[in-house]
Amino acid sequence: LVDDVDLAARKVLEEAGEVAFAAKDLLAGGDSSRVVEEAADVVYHLLALLAAVDIDPSDVGLELRRRHTPQRG
């Protein structure tokens, strides 16, 4: 996956759809373990995609902290 940006990107999209459907199924009486499994797949493939485009995952963490830090002004 790290050597194929296109494949990694497609897998992120595929797995994101699967976790969304698993969450909807959970509300209809499905199993929460499926949501956890699909969410893990999304995270794995997202990390592979970030590696494929040479972005450090800690940069994503910094961006999330920036978004949730109260702005002074």
Side-chain angles (χ1 to χ4, degrees):
L1 285 174
V2 174
D3 295 329
D4 188 341
V5 174
D6 187 59
L7 176 60
R10 286 195 317 263
K11 290 300 291 182
V12 169
L13 289 171
E14 175 188 336
E15 299 301 340
E18 289 180 11
V19 76
F21 284 118
K24 288 183 70 154
D25 288 346
L26 179 61
L27 294 178
D31 187 353
S32 64
S33 66
R34 183 159 169 259
V35 177
V36 171
E37 291 165 1
E38 298 298 347
D41 288 345
V42 170
V43 171
Y44 172 81
H45 288 96
L46 179 58
L47 289 171
L49 178 60
L50 291 173
V53 295
D54 199 30
I55 293 176
D56 190 315
S58 66
D59 292 340
V60 176
L62 290 171
E63 174 61 16
L64 290 171
R65 282 191 292 283
R66 184 193 66 77
R67 292 181 184 189
H68 296 288
T69 300
Q71 301 298 315
R72 294 180 181 176

For Asp6, all residues meeting side chain to side chain donor-acceptor pair (under 3.5 Å), sequence neighbours excluded: Arg10
Non-neighbouring partners of Asp56 that pass side chain to side chain donor-acceptor pair (under 3.5 Å), sequence neighbours left out: Ser58
Side chain to side chain contact (heavy atoms under 4.5 Å, CB included) against Val43, all qualifying residues, sequence neighbours excluded: Leu47
Same apolar cluster: Leu64 and Val12, side chain cutoff 4.5 Å: yes
Results of salt bridge (Lys or Arg N to Asp or Glu O under 4.0 Å) for Glu37 - residues two or more places apart only: none
Residues forming a salt bridge (Lys or Arg N to Asp or Glu O under 4.0 Å) with Asp59, sequence neighbours excluded: none
Euclidean distance, Thr69 OG1 relative to Arg67 CZ, rounded to 0.5 Å: 12.0 Å
Those residues that, when tested against Arg66, pass salt bridge (Lys or Arg N to Asp or Glu O under 4.0 Å) (two or more places apart): Glu63
Leu26: hydrophobic cluster co-members (side-chain, 4.5 Å): Val19, Val35, Val42
Gap between atom CG of Asp41 and atom CD of Glu14 - 0.5 Å precision: 9.0 Å
Side-chain hydrophobic cluster, 4.5 Å single linkage: members besides Phe21: none
Remaining members of the apolar cluster that contains Leu7, side-chain heavy atoms under 4.5 Å: Leu1, Tyr44
With Val2 via side chain to side chain contact (heavy atoms under 4.5 Å, CB included) - residues at least two apart: Ala51
Sequence neighbours excluded - salt bridge (charged side-chain N to carboxylate O under 4.0 Å, His left out) pairs with any residue from residues 17-32: Asp25-Arg34
